[in-house]
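The structure appears below as C-alpha coordinates.
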Amino acid sequence: MYKSVIRPLLFQLSAERAHHFTFSLTRFIFNIPGVKAINRSLFQVKSPKLERELFGLKFPNPVGLAAGFDKDAKLIDELASLGFGFIEIGTITPKAQLGNPQPRLFRLQDDTGIINRMGFNNQGIDEAIKRLRSRKSKIIIGGNIGKNKVTPNEEAFNDYEKCFQKLYPYVDYFVVNVSSPNTPGLRELQEKEPLMQLLNHLMKLNEEQTKVKPILLKIAPDLSNDQLDDIIQIVHETKIDGVIATNTTISRDGLKTSKAVVDEIGNGGLSGMPLNKRATDVIRYLSKKSNKAFPIIGVGGIMTAKDALEKLEAGASLVQLYTGFIYEGPALIRNINNTILKKHNA
(Lines give C-alpha, C1' and ligand atoms only; values in the text may rest on other atoms or scores of the structure.)
Protein backbone atom coordinates (compact mmCIF):
# COMPACT_ATOMS: atom_id res chain seq x y z
CA MET A 1 0.00 0.00 0.00
CA TYR A 2 2.83 2.41 0.80
CA LYS A 3 4.55 2.10 -2.60
CA SER A 4 1.35 1.86 -4.63
CA VAL A 5 -0.76 4.54 -2.91
CA ILE A 6 0.97 6.59 -0.22
CA ARG A 7 4.33 7.23 -1.87
CA PRO A 8 2.90 8.43 -5.21
CA LEU A 9 0.74 10.92 -3.33
CA LEU A 10 3.63 12.15 -1.19
CA PHE A 11 5.90 12.47 -4.22
CA GLN A 12 3.43 14.94 -5.73
CA LEU A 13 4.61 17.36 -3.02
CA SER A 14 8.04 18.90 -2.71
CA ALA A 15 10.36 16.70 -0.66
CA GLU A 16 10.34 18.90 2.44
CA ARG A 17 6.59 19.54 2.33
CA ALA A 18 6.03 15.79 2.02
CA HIS A 19 8.23 15.23 5.07
CA HIS A 20 6.26 17.67 7.23
CA PHE A 21 2.93 16.35 5.91
CA THR A 22 4.02 12.79 6.75
CA PHE A 23 4.78 13.83 10.32
CA SER A 24 1.41 15.53 10.78
CA LEU A 25 -0.49 12.64 9.19
CA THR A 26 1.41 10.04 11.22
CA ARG A 27 0.65 11.79 14.50
CA PHE A 28 -3.03 12.03 13.56
CA ILE A 29 -3.41 8.41 12.41
CA PHE A 30 -1.45 6.90 15.27
CA ASN A 31 -3.72 8.64 17.79
CA ILE A 32 -6.54 6.44 16.56
CA PRO A 33 -6.99 3.59 19.06
CA GLY A 34 -5.50 0.34 17.83
CA VAL A 35 -3.38 1.75 15.02
CA LYS A 36 -0.06 1.21 16.80
CA ALA A 37 -1.04 -2.40 17.57
CA ILE A 38 -1.99 -3.01 13.93
CA ASN A 39 1.34 -1.66 12.73
CA ARG A 40 3.23 -3.77 15.23
CA SER A 41 1.46 -6.87 13.92
CA LEU A 42 2.24 -5.90 10.32
CA PHE A 43 5.86 -4.85 10.59
CA GLN A 44 7.52 -6.09 13.79
CA VAL A 45 9.55 -9.28 13.55
CA LYS A 46 10.52 -10.81 16.88
CA SER A 47 13.04 -13.57 17.37
CA PRO A 48 15.98 -14.19 19.70
CA LYS A 49 18.01 -14.82 16.53
CA LEU A 50 17.60 -11.16 15.57
CA GLU A 51 18.84 -9.81 18.88
CA ARG A 52 22.25 -8.16 19.03
CA GLU A 53 24.30 -7.13 22.06
CA LEU A 54 26.69 -4.25 21.45
CA PHE A 55 28.46 -1.82 23.79
CA GLY A 56 26.31 -2.96 26.72
CA LEU A 57 22.98 -2.53 24.91
CA LYS A 58 20.59 -5.28 23.80
CA PHE A 59 19.03 -4.49 20.43
CA PRO A 60 15.84 -6.48 19.62
CA ASN A 61 16.86 -6.49 15.96
CA PRO A 62 19.69 -4.96 13.91
CA VAL A 63 17.63 -2.51 11.81
CA GLY A 64 17.56 1.09 13.02
CA LEU A 65 16.37 4.47 11.81
CA ALA A 66 19.24 6.80 10.94
CA ALA A 67 19.56 10.36 12.18
CA GLY A 68 17.99 13.04 10.02
CA PHE A 69 14.47 11.64 9.76
CA ASP A 70 13.17 12.42 13.26
CA LYS A 71 15.56 15.19 14.20
CA ASP A 72 13.49 16.54 17.11
CA ALA A 73 12.20 13.27 18.61
CA LYS A 74 8.64 14.00 17.52
CA LEU A 75 7.61 10.49 16.44
CA ILE A 76 9.49 8.11 18.74
CA ASP A 77 6.46 6.09 19.84
CA GLU A 78 4.95 5.96 16.37
CA LEU A 79 8.16 4.91 14.64
CA ALA A 80 8.87 2.33 17.34
CA SER A 81 5.72 0.44 16.30
CA LEU A 82 7.04 -0.02 12.74
CA GLY A 83 9.59 -2.65 13.70
CA PHE A 84 12.80 -0.69 14.15
CA GLY A 85 15.30 -2.10 16.61
CA PHE A 86 16.53 1.38 17.54
CA ILE A 87 16.03 5.02 16.57
CA GLU A 88 18.62 7.76 16.25
CA ILE A 89 17.40 11.31 16.73
CA GLY A 90 19.13 14.49 15.60
CA THR A 91 21.40 15.91 14.55
CA ILE A 92 20.66 18.08 17.61
CA THR A 93 22.45 21.33 18.38
CA PRO A 94 22.44 23.28 21.66
CA LYS A 95 20.34 26.12 20.26
CA ALA A 96 17.49 25.92 17.78
CA GLN A 97 18.43 26.86 14.24
CA LEU A 98 16.52 27.15 10.99
CA GLY A 99 19.13 25.49 8.84
CA ASN A 100 19.86 26.48 5.27
CA PRO A 101 17.41 28.38 3.03
CA GLN A 102 14.76 26.40 1.18
CA PRO A 103 14.60 24.56 -1.16
CA ARG A 104 17.14 22.26 0.45
CA LEU A 105 15.76 18.73 -0.02
CA PHE A 106 15.56 17.13 -3.46
CA ARG A 107 14.54 13.72 -4.77
CA LEU A 108 16.55 12.06 -7.54
CA GLN A 109 13.92 9.50 -8.50
CA ASP A 110 15.88 8.09 -11.47
CA ASP A 111 18.68 7.27 -9.03
CA THR A 112 16.48 6.37 -6.04
CA GLY A 113 18.36 9.01 -4.12
CA ILE A 114 18.02 12.25 -2.20
CA ILE A 115 20.19 15.36 -2.05
CA ASN A 116 19.86 17.45 1.09
CA ARG A 117 21.53 20.54 2.42
CA MET A 118 19.32 20.92 5.49
CA GLY A 119 22.08 22.36 7.66
CA PHE A 120 21.21 20.84 11.06
CA ASN A 121 17.76 22.43 11.18
CA ASN A 122 16.31 21.52 14.58
CA GLN A 123 14.44 23.00 17.52
CA GLY A 124 17.37 22.70 19.90
CA ILE A 125 18.29 20.35 22.71
CA ASP A 126 15.70 21.53 25.25
CA GLU A 127 12.73 20.87 22.94
CA ALA A 128 13.99 17.38 22.13
CA ILE A 129 14.37 16.60 25.83
CA LYS A 130 10.76 17.61 26.52
CA ARG A 131 9.60 14.98 24.05
CA LEU A 132 12.02 12.32 25.24
CA ARG A 133 10.73 12.77 28.77
CA SER A 134 7.17 12.02 27.68
CA ARG A 135 7.79 9.09 25.34
CA LYS A 136 6.12 5.78 26.18
CA SER A 137 8.17 3.42 24.06
CA LYS A 138 11.27 1.81 25.55
CA ILE A 139 13.02 1.49 22.19
CA ILE A 140 16.77 2.16 22.23
CA ILE A 141 17.46 5.81 21.39
CA GLY A 142 20.67 7.26 20.02
CA GLY A 143 21.44 10.96 20.28
CA ASN A 144 23.25 12.39 17.26
CA ILE A 145 24.89 15.66 18.33
CA GLY A 146 26.49 18.54 16.44
CA LYS A 147 27.47 22.18 16.67
CA ASN A 148 25.50 25.29 15.81
CA LYS A 149 26.41 26.94 12.51
CA VAL A 150 27.48 30.17 14.22
CA THR A 151 29.87 28.38 16.58
CA PRO A 152 33.46 28.57 15.27
CA ASN A 153 35.34 25.28 15.06
CA GLU A 154 37.77 26.30 17.80
CA GLU A 155 34.79 26.47 20.19
CA ALA A 156 32.93 23.45 18.80
CA PHE A 157 33.70 21.25 21.80
CA ASN A 158 31.51 23.56 23.91
CA ASP A 159 28.48 22.76 21.76
CA TYR A 160 29.15 19.03 21.82
CA GLU A 161 29.65 19.19 25.59
CA LYS A 162 26.34 20.99 26.12
CA CYS A 163 24.50 18.44 24.02
CA PHE A 164 26.18 15.53 25.78
CA GLN A 165 25.52 16.80 29.29
CA LYS A 166 21.87 17.72 28.69
CA LEU A 167 20.97 14.70 26.59
CA TYR A 168 22.81 12.16 28.76
CA PRO A 169 19.83 11.10 30.94
CA TYR A 170 17.53 10.56 27.96
CA VAL A 171 19.43 8.56 25.34
CA ASP A 172 21.14 5.18 25.32
CA TYR A 173 24.11 6.07 23.12
CA PHE A 174 25.68 9.13 21.51
CA VAL A 175 26.84 9.82 17.97
CA VAL A 176 29.34 12.59 17.27
CA ASN A 177 28.52 14.11 13.89
CA VAL A 178 31.44 15.93 12.30
CA SER A 179 30.77 14.55 8.82
CA SER A 180 27.75 16.43 7.49
CA PRO A 181 28.67 18.40 4.34
CA ASN A 182 25.96 20.98 5.02
CA THR A 183 27.49 23.01 7.88
CA PRO A 184 30.41 25.16 6.66
CA GLY A 185 33.74 23.95 8.02
CA LEU A 186 32.26 21.04 9.98
CA ARG A 187 34.18 18.35 8.12
CA GLU A 188 37.43 20.05 9.14
CA LEU A 189 36.75 18.54 12.57
CA GLN A 190 37.28 15.09 10.99
CA GLU A 191 40.98 15.85 10.74
CA LYS A 192 42.99 13.78 13.16
CA GLU A 193 44.09 16.33 15.77
CA PRO A 194 40.81 18.25 16.29
CA LEU A 195 38.86 14.98 16.24
CA MET A 196 41.14 13.41 18.84
CA GLN A 197 40.71 16.44 21.09
CA LEU A 198 36.92 16.44 20.74
CA LEU A 199 36.48 12.71 21.36
CA ASN A 200 38.90 12.67 24.29
CA HIS A 201 36.99 15.56 25.83
CA LEU A 202 33.67 13.74 25.48
CA MET A 203 35.13 10.49 26.80
CA LYS A 204 36.39 12.34 29.88
CA LEU A 205 32.92 13.79 30.45
CA ASN A 206 31.47 10.32 29.99
CA GLU A 207 33.72 8.84 32.65
CA GLU A 208 32.50 11.47 35.12
CA GLN A 209 28.89 10.22 34.83
CA THR A 210 27.33 7.63 37.09
CA LYS A 211 27.17 5.26 34.12
CA VAL A 212 29.31 5.37 31.01
CA LYS A 213 27.26 5.47 27.79
CA PRO A 214 28.48 4.41 24.35
CA ILE A 215 29.95 7.12 22.11
CA LEU A 216 30.19 6.52 18.37
CA LEU A 217 31.64 8.58 15.53
CA LYS A 218 29.77 9.14 12.26
CA ILE A 219 32.13 9.45 9.32
CA ALA A 220 31.86 10.65 5.73
CA PRO A 221 32.05 8.25 2.77
CA ASP A 222 34.43 10.64 1.04
CA LEU A 223 37.44 9.86 3.25
CA SER A 224 40.57 8.44 1.63
CA ASN A 225 42.08 5.16 2.83
CA ASP A 226 44.76 7.14 4.69
CA GLN A 227 42.02 9.07 6.48
CA LEU A 228 40.19 5.83 7.26
CA ASP A 229 43.44 4.53 8.74
CA ASP A 230 43.45 7.63 10.93
CA ILE A 231 39.89 6.85 12.02
CA ILE A 232 40.93 3.35 13.08
CA GLN A 233 43.80 4.81 15.11
CA ILE A 234 41.54 7.46 16.64
CA VAL A 235 38.99 4.84 17.74
CA HIS A 236 41.80 2.81 19.29
CA GLU A 237 43.42 5.74 21.10
CA THR A 238 40.28 7.47 22.34
CA LYS A 239 38.54 4.17 23.18
CA ILE A 240 35.20 5.31 21.77
CA ASP A 241 32.75 2.50 21.20
CA GLY A 242 32.38 2.37 17.43
CA VAL A 243 31.77 4.02 14.09
CA ILE A 244 28.74 4.79 11.95
CA ALA A 245 29.64 4.43 8.28
CA THR A 246 28.57 6.48 6.47
CA ASN A 247 27.05 9.93 6.24
CA THR A 248 25.97 11.43 2.89
CA THR A 249 28.44 11.99 0.06
CA ILE A 250 29.41 15.11 -1.88
CA SER A 251 30.23 12.94 -4.91
CA ARG A 252 27.95 13.03 -7.95
CA ASP A 253 29.65 10.23 -9.89
CA GLY A 254 27.59 7.78 -11.92
CA LEU A 255 24.19 9.44 -11.56
CA LYS A 256 21.40 8.74 -14.07
CA THR A 257 19.86 12.14 -13.37
CA SER A 258 21.05 14.66 -15.96
CA LYS A 259 24.01 16.84 -15.09
CA ALA A 260 21.88 19.93 -15.77
CA VAL A 261 19.35 18.92 -13.13
CA VAL A 262 22.05 17.99 -10.62
CA ASP A 263 23.88 21.28 -11.24
CA GLU A 264 20.64 23.20 -10.75
CA ILE A 265 20.10 21.49 -7.39
CA GLY A 266 23.57 22.51 -6.28
CA ASN A 267 25.40 21.60 -3.10
CA GLY A 268 24.30 19.02 -0.57
CA GLY A 269 24.83 15.50 0.66
CA LEU A 270 23.68 12.65 -1.57
CA SER A 271 22.04 9.59 -0.02
CA GLY A 272 20.24 6.53 -1.31
CA MET A 273 21.19 3.98 -3.94
CA PRO A 274 24.16 5.95 -5.40
CA LEU A 275 25.83 5.79 -1.96
CA ASN A 276 25.32 2.06 -1.47
CA LYS A 277 28.57 0.65 -2.85
CA ARG A 278 30.86 3.30 -1.36
CA ALA A 279 29.31 2.95 2.09
CA THR A 280 29.75 -0.82 1.93
CA ASP A 281 33.36 -0.43 0.77
CA VAL A 282 34.11 1.85 3.74
CA ILE A 283 32.57 -0.66 6.15
CA ARG A 284 34.60 -3.50 4.65
CA TYR A 285 37.83 -1.50 4.77
CA LEU A 286 37.37 -0.46 8.40
CA SER A 287 36.40 -3.97 9.46
CA LYS A 288 39.28 -5.73 7.71
CA LYS A 289 41.97 -3.14 8.41
CA SER A 290 41.08 -2.99 12.12
CA ASN A 291 40.64 -6.76 12.38
CA LYS A 292 37.05 -6.14 13.57
CA ALA A 293 38.36 -4.19 16.54
CA PHE A 294 35.17 -2.14 17.04
CA PRO A 295 31.49 -2.29 16.08
CA ILE A 296 30.33 -0.58 12.91
CA ILE A 297 26.78 0.59 12.20
CA GLY A 298 26.26 0.46 8.44
CA VAL A 299 24.17 3.10 6.69
CA GLY A 300 24.02 4.37 3.14
CA GLY A 301 21.93 3.20 0.22
CA ILE A 302 20.10 0.33 1.88
CA MET A 303 17.11 0.00 -0.45
CA THR A 304 16.55 -3.77 -0.22
CA ALA A 305 17.11 -6.63 2.21
CA LYS A 306 20.04 -7.72 0.00
CA ASP A 307 21.69 -4.32 0.52
CA ALA A 308 21.40 -4.73 4.29
CA LEU A 309 22.88 -8.23 4.20
CA GLU A 310 25.82 -6.98 2.14
CA LYS A 311 26.62 -4.41 4.81
CA LEU A 312 26.34 -6.96 7.59
CA GLU A 313 28.57 -9.36 5.66
CA ALA A 314 31.06 -6.55 5.03
CA GLY A 315 31.49 -6.10 8.78
CA ALA A 316 28.58 -4.04 10.10
CA SER A 317 26.97 -5.21 13.34
CA LEU A 318 23.82 -3.13 12.84
CA VAL A 319 22.32 -1.20 9.94
CA GLN A 320 20.29 2.01 9.63
CA LEU A 321 17.75 3.23 7.10
CA TYR A 322 16.88 6.71 5.91
CA THR A 323 16.41 7.14 2.17
CA GLY A 324 15.38 3.50 1.79
CA PHE A 325 12.66 4.06 4.40
CA ILE A 326 11.36 7.04 2.40
CA TYR A 327 11.30 5.16 -0.91
CA GLU A 328 10.26 1.71 0.32
CA GLY A 329 8.27 2.36 3.50
CA PRO A 330 8.13 0.25 6.68
CA ALA A 331 7.88 -3.03 4.76
CA LEU A 332 11.63 -2.70 4.19
CA ILE A 333 12.27 -3.10 7.93
CA ARG A 334 10.20 -6.28 8.05
CA ASN A 335 11.80 -7.65 4.87
CA ILE A 336 15.33 -7.13 6.18
CA ASN A 337 14.59 -8.84 9.48
CA ASN A 338 12.80 -11.75 7.78
CA THR A 339 15.67 -12.18 5.33
CA ILE A 340 18.19 -12.25 8.19
CA LEU A 341 16.09 -14.94 9.89
CA LYS A 342 15.86 -17.03 6.72
CA LYS A 343 19.61 -16.81 6.22
CA HIS A 344 20.15 -17.78 9.87
CA ASN A 345 17.86 -20.81 9.50
CA ALA A 346 19.23 -21.89 6.11
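No hydrogens, no waters, no symmetry mates; every other heavy atom, side chains included, goes into these values.
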*asked:* For Arg131 and Gln123, which I'm curious about, is there any donor-acceptor pair between the side chains at under 3.5 Å?
replied: yes
*side chain to side chain donor-acceptor pair (under 3.5 Å) partners for Lys239, two or more places apart*: none
*Can you tell which of Gln197, Glu237, Gln233 makes a side-chain hydrogen bond (donor to acceptor under 3.5 Å, both in side chains) with Lys192?*
Gln233
_Backbone N/O of Asn267 and side chain of Arg117: donor-acceptor pair under 3.5 Å_ = yes
_Could you check whether atom CD of Glu208 has more than 12 heavy atoms from other residues, nucleotides or ligands sitting under 6.0 Å from it?_
yes
*Taking the six-membered ring for Trp, are Phe55 and Phe59 parallel (under 30°), tilted (30 to 60°) or perpendicular (over 60°)?*
perpendicular
_Would a single hydrophobic cluster contain both Ile139 and Leu216, if residues Ile, Leu, Val, Met, Phe, Trp and Tyr are joined by side-chain heavy-atom contacts under 4.5 Å?_
no
*Locate the shortest heavy-atom distance separating Leu82 from Ile333; write the atom from each residue and the value.*
O-CD1, 3.4 Å
*asked:* Please check if the number of heavy atoms outside His236 that lie under 6.0 Å from its NE2 is greater than 12.
replied: no
_Geometric cation-pi criterion Lys213 and Tyr168, 6.0 Å radius, 45° cone_ = yes
*Do other residues, nucleotides or ligands put more than 12 heavy atoms under 6.0 Å from the CZ atom of Arg17?*
no
_Under a 3.5 Å distance rule, please check whether Ser224 uses its side chain to pair with a backbone N or O of Gln227 as donor and acceptor._
yes
*asked:* Apply salt bridge (Lys or Arg N to Asp or Glu O under 4.0 Å) to residues Lys36 and Asp77 and explain how you reach the verdict.
replied: CA-CA 9 Å; Lys36 287 189 181 115; Asp77 294 331; 5.4 Å; no
*If we ignore angles and hydrogens, is there a donor and acceptor under 3.5 Å between the side chains of Asn100 and Asn182?*
no
*Would you say Leu42 has more than 12 foreign heavy atoms packed within less than 6.0 Å of its CG?*
yes
*asked:* So that I can tick it off, tell me whether Asp281 and Arg284 are bridged by a salt bridge, with the cut-off set at under 4.0 angstrom between side-chain N and carboxylate O.
replied: yes
*Residue from Lys95, Gln97, Glu155 passing side-chain hydrogen bond (donor to acceptor under 3.5 Å, both in side chains) with Asn148*: Gln97
*Taking it one step at a time, do Ile340 and Leu312 satisfy side chain to side chain contact (heavy atoms under 4.5 Å, CB included)?*
CA-CA 10 Å; Ile340 293 170; Leu312 293 169; 3.8 Å; yes
*Any side-chain donor paired with an acceptor under 3.5 Å for Lys292 and Ser287?*
no
*For Phe325, all residues meeting ring pair (Phe, Tyr, Trp, His ring centres under 6.0 Å), sequence neighbours excluded*: Phe69, Phe84
*May I have the step-by-step check of side chain to side chain donor-acceptor pair (under 3.5 Å) for Lys71 and Asn144, ending in yes or no?*
CA-CA 9 Å; Lys71 292 173 180 285; Asn144 187 302; over 6 Å; no
*So, Asp72 side chain and Asn122 main chain: donor-acceptor pair closer than 3.5 Å or not?*
no
*Any side-chain donor near an acceptor of the partner, Asn61 and Lys46, under 3.5 Å*: no
*Identify whether the distance between the nearest side-chain nitrogen and carboxylate oxygen of Lys130 and Glu127 falls below 4.0 Å.*
yes
_Distance alone, cut at 3.5 Å: any donor-acceptor contact between the side chains of Asp229 and Tyr285?_
yes
*asked:* Let's go through Thr238 and Asn200 carefully: what are the C-alpha distance in whole Å and the side-chain angles of both, what is the deciding distance for side chain to side chain donor-acceptor pair (under 3.5 Å) to 0.1 Å, and is it a yes or a no?
replied: CA-CA 6 Å; Thr238 62; Asn200 279 326; 5.2 Å; no
*Let me see the working for Glu310 and Lys277 under salt bridge (Lys or Arg N to Asp or Glu O under 4.0 Å), right down to the final yes or no.*
CA-CA 10 Å; Glu310 286 176 352; Lys277 183 180 183 301; over 6 Å; no
*Validate the cation-pi geometry between Arg7 and Tyr327: distance from NZ or CZ to the six-membered ring centre under 6.0 Å, angle to the ring axis within 45°.*
no
*Is any side-chain heavy atom of Ile336 closer than 4.5 Å to a side-chain heavy atom of Pro62?*
no
*asked:* When you compare the side chains of Asp307 and Thr304, does any donor N or O come within less than 3.5 Å of an acceptor on the partner?
replied: yes
*Would Leu108 and Ile114 satisfy side chain to side chain contact (heavy atoms under 4.5 Å, CB included), going step by step from the backbone distance to the final call?*
CA-CA 6 Å; Leu108 273 58; Ile114 289 174; over 6 Å; no
_Could you check whether any side-chain N or O of Asn177 sits under 3.5 Å from a backbone N or O of Ser179, counting only pairs where one atom can act as donor and the other as acceptor?_
yes
*Verify whether one side chain among Glu88 and Tyr173 offers a donor that lies under 3.5 Å from an acceptor in the other.*
yes
